[in-house]
*Asks:* 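A single structure is presented below for examination.
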Amino acid sequence: MISVIIPTYKEPEVLDLCLKSAINGQVNKNQIIVVVDGFYDENKHILEKYKDDISVLDLEQNVGLARATNLGVYNASHDLILIVNDDNVFPANWDTRLESQYQPGAIYAPNQIEPIPSIFSQFIIKDLGRDPETFDLEAFRVFEVNSSKEHKSNDGYTLPIFISKKDYLKVGGWDESYSGGWVVDCEFFLKCNLNNINSIRLHNIAFYHFVSVGTKSPERIQEAQAKEIDCHEYFKYKWGTYMKRDPQTNRIFI
């Protein structure tokens, strides 16, 4: 059994599809924890819709992605945990497919299907919808199965994250000192590497990722960019150097 951790902010439309696909796509009755990082009322109708199949951790105020994720993990009942963004869509039979691949001492990243290219060359590019309204869940599941390959590679440096709770806690989880959702996941992969926890990408299973569904004003974009710079500076303060990324594998190193 798996404990799924889904931090959410204020995008109820993507959360709706995320939960629908997680619940309908599972073989077993897994623990699905939705961590509401503030703005409960905006998500209330979605949370009530799936109340029989999920656990809700209402933080009452916005505490940031890192702390929200850690609190979700602390509440996990199972040792195997899956951390997923709320703008991801689950494939069919995701739980048994992931469990069949797990070996201790490793962190797994199921591959992702995205509508547009990104820095992650390992991703599958296929536009199956850029928002929940235009997304075709059944078409995605057919495409996902047909595009899967029985292959693993040592470049699993992205979410979703599939790992044991013990290993997550062993490396200290996500550092809550970061001022936003940037860099903290990259540092987590770095800490895994330093603790000899291999980062593996699974090419025989893929989640869909919308990339960005929210419309942001120029002011919000500027604010986000400033916070990202702050996070990189904090990483340098903490580790003595800026974060480095291998352009081929995306491995994080210092």
*Asks:* Salt bridge check, Lys191 against Asp175: does any charged N sit closer than 4.0 Å to a carboxylate O?
*Replies:* no

*Asks:* Taking CD in Gln248 as the centre, count heavy atoms belonging to other residues, nucleotides or ligands within less than 6.0 Å. Is the count above 12?
*Replies:* no

*Asks:* Output the distance between atom NZ (Lys166) and atom CD1 (Ile81), rounded to the nearest 0.5 Å.
*Replies:* 11.0 Å

*Asks:* Considering only Ile, Leu, Val, Met, Phe, Trp and Tyr, and joining two whenever side-chain heavy atoms are under 4.5 Å apart, list the other residues clustered with Tyr9.
*Replies:* Phe39

*Asks:* Does Arg67, at its CZ atom, have more than 12 non-hydrogen atoms belonging to other residues, nucleotides or ligands within less than 6.0 Å?
*Replies:* no

*Asks:* Return yes if a side-chain donor-acceptor contact under 3.5 Å exists between Asn93 and Thr96, otherwise no.
*Replies:* no

*Asks:* Going from CZ on Phe207 to CG on Asn111, what distance comes out if it is rounded to the nearest 0.5 angstrom?
*Replies:* 11.0 Å

*Asks:* Are any non-hydrogen side-chain atoms of Asp87 and Glu11 less than 4.5 angstrom apart?
*Replies:* no

*Asks:* Is it the case that atom NZ in Lys238 sees more than 12 heavy atoms from other parts of the structure closer than 6.0 Å?
*Replies:* yes

*Asks:* Give a yes or no on whether Phe188 and Leu169 share a hydrophobic cluster (residues Ile, Leu, Val, Met, Phe, Trp, Tyr; joining criterion: side-chain heavy atoms under 4.5 Å apart).
*Replies:* yes

*Asks:* Name the one of Trp174, Trp239, Tyr234 that satisfies side chain to side chain donor-acceptor pair (under 3.5 Å) with Glu187?
*Replies:* Trp239

*Asks:* Taking Ser3 for its side chain and Gln31 for its backbone only, find out whether a donor-acceptor pair lies under 3.5 Å.
*Replies:* no

*Asks:* Of all heavy-atom pairs between Pro7 and Thr69, which one has the smallest distance, and what is that distance?
*Replies:* CG-OG1, 3.5 Å

*Asks:* Which pair of heavy atoms, one from Val36 and one from Asn43, lies closest together, and at what distance?
*Replies:* CG1-ND2, 4.2 Å

*Asks:* Should the pair Tyr157 and Phe189 be assigned to parallel (<30°), tilted (30 to 60°) or perpendicular (>60°) ring geometry?
*Replies:* perpendicular

*Asks:* Rounded to the nearest 0.5 Å, how far apart are CD1 of Ile252 and CE of Met243?
*Replies:* 4.5 Å

*Asks:* Evaluate side-chain contact (heavy atoms from CB on, under 4.5 Å) for Asp136 paired with Leu128, printing each intermediate quantity in order.
*Replies:* CA-CA 7 Å; Asp136 188 330; Leu128 297 170; 6.0 Å; no

*Asks:* Check whether Ile2 and Ile83 end up in the same hydrophobic cluster, where Ile, Leu, Val, Met, Phe, Trp and Tyr are linked by side-chain heavy atoms less than 4.5 Å apart.
*Replies:* no

*Asks:* Please report the interatomic distance CZ(Arg130) to CD1(Ile116), rounded to the nearest 0.5 Å.
*Replies:* 6.0 Å

*Asks:* More than 12 heavy atoms of other residues, nucleotides or ligands under 6.0 Å from NZ of Lys165: is that the case?
*Replies:* yes

*Asks:* Quick one: do Val184 and Ile5 end up in the same hydrophobic cluster if we chain Ile, Leu, Val, Met, Phe, Trp and Tyr together by side-chain heavy atoms under 4.5 Å apart?
*Replies:* yes

*Asks:* In the structure I gave you, are the side-chain heavy atoms of Lys20 and Leu137 within less than 4.5 Å of one another anywhere?
*Replies:* yes

*Asks:* Asp155 and Arg201: which non-hydrogen atoms are nearest, and at how many Å?
*Replies:* O-NH2, 3.0 Å

*Asks:* Listed by chain and number, what are the side chain to side chain donor-acceptor pair (under 3.5 Å) partners of Arg251, not counting sequence neighbours?
*Replies:* none

*Asks:* Heavy atoms, side chains only, cut-off 4.5 Å: are Asp53 and Ile32 in contact?
*Replies:* no

*Asks:* Work out which heavy atom in Glu144 is nearest to a heavy atom in Ile205; give both atom names and the distance.
*Replies:* OE2-CA, 3.3 Å

*Asks:* Anything under 30° is parallel, anything over 60° is perpendicular, the rest tilted; go ahead and classify Phe135 against Phe140.
*Replies:* tilted

*Asks:* Got Cys18 and Phe90 here, is their nearest side-chain heavy-atom distance under 4.5 Å?
*Replies:* yes

*Asks:* Give the cluster check for Phe123 versus Val89: same hydrophobic cluster or not, with ILVMFWY residues linked at side-chain heavy-atom distances below 4.5 Å.
*Replies:* no

*Asks:* Compare all side-chain heavy atoms of Leu98 with those of Leu82 and state whether any distance is below 4.5 angstrom.
*Replies:* yes

*Asks:* Check the pair Ile54, Ile23 against side-chain contact (heavy atoms from CB on, under 4.5 Å), reporting the backbone distance first and the verdict last.
*Replies:* CA-CA 9 Å; Ile54 65 174; Ile23 294 164; 4.2 Å; yes

*Asks:* Step by step, work out the side-chain contact (heavy atoms from CB on, under 4.5 Å) result for Thr158 and Asp185.
*Replies:* CA-CA 8 Å; Thr158 58; Asp185 55 336; over 6 Å; no

*Asks:* Does a donor on one side chain and an acceptor on the other come within less than 3.5 Å for Ser21 and Arg141?
*Replies:* no

*Asks:* Taking Asp95 for the side chain and Val27 for the main chain, is one N or O donor matched with an acceptor at less than 3.5 Å?
*Replies:* yes

*Asks:* For Lys244, is the NZ atom crowded, meaning more than 12 foreign heavy atoms sit under 6.0 Å from it?
*Replies:* yes

*Asks:* Answer yes or no: is there an ion pair linking Asp37 with Lys10, defined by an N-O contact shorter than 4.0 Å?
*Replies:* no

*Asks:* Side chains of Glu233 and Tyr242 only: does a donor on one sit below 3.5 Å from an acceptor on the other?
*Replies:* yes

*Asks:* Can you tell me how the ring of Phe162 sits relative to the ring of Tyr108, calling it parallel under 30°, perpendicular over 60° and tilted otherwise?
*Replies:* tilted

*Asks:* Can you give me the closest heavy-atom contact between Lys29 and Asp52, atom names plus distance?
*Replies:* NZ-O, 3.3 Å

*Asks:* Going from CD1 on Ile6 to CG on Leu19, what distance comes out if it is rounded to the nearest 0.5 angstrom?
*Replies:* 5.0 Å

*Asks:* State, to 0.1 Å, how close Tyr102 and Ser164 come at their nearest heavy-atom pair, and which atoms those are.
*Replies:* OH-CB, 3.3 Å

*Asks:* Return yes if some donor-acceptor pair links the side-chain N/O of Gln26 with the main-chain N/O of Asn30 below 3.5 Å, else return no.
*Replies:* yes

*Asks:* With the side chain counted from C-beta on, respond yes when Asn204 and Arg97 share a heavy-atom pair under 4.5 Å apart, and no when they do not.
*Replies:* no

*Asks:* Could you give me the CA-CA distance, side-chain angles and deciding distance for Ile229 and Trp182, then say whether side-chain contact (heavy atoms from CB on, under 4.5 Å) is met?
*Replies:* CA-CA 9 Å; Ile229 292 173; Trp182 298 271; over 6 Å; no

*Asks:* Is there a continuous path of hydrophobic side-chain contacts, each under 4.5 Å between heavy atoms, that joins Ile113 to Phe120?
*Replies:* no

*Asks:* What verdict does the ring-ring contact (aromatic ring centres under 6.0 Å, His included) test give for Tyr178 and Phe235, after you've listed the backbone C-alpha separation in whole Å, the side-chain angles of each residue and the deciding distance to 0.1 Å?
*Replies:* CA-CA 8 Å; Tyr178 284 93; Phe235 182 96; 7.1 Å; no

*Asks:* Can you check whether Val84 reaches Trp94 side chain to side chain, under 4.5 Å on heavy atoms?
*Replies:* no

*Asks:* Supply the atom-to-atom distance Asp167 CG to Ile197 CD1, rounded to the nearest 0.5 angstrom.
*Replies:* 4.0 Å

*Asks:* Are side-chain N/O atoms of Asn88 and Gln112 paired as donor and acceptor at under 3.5 Å?
*Replies:* yes

*Asks:* With side chains defined as the heavy atoms from C-beta onward, is the minimum distance between Asn154 and Ile200 less than 4.5 Å?
*Replies:* yes

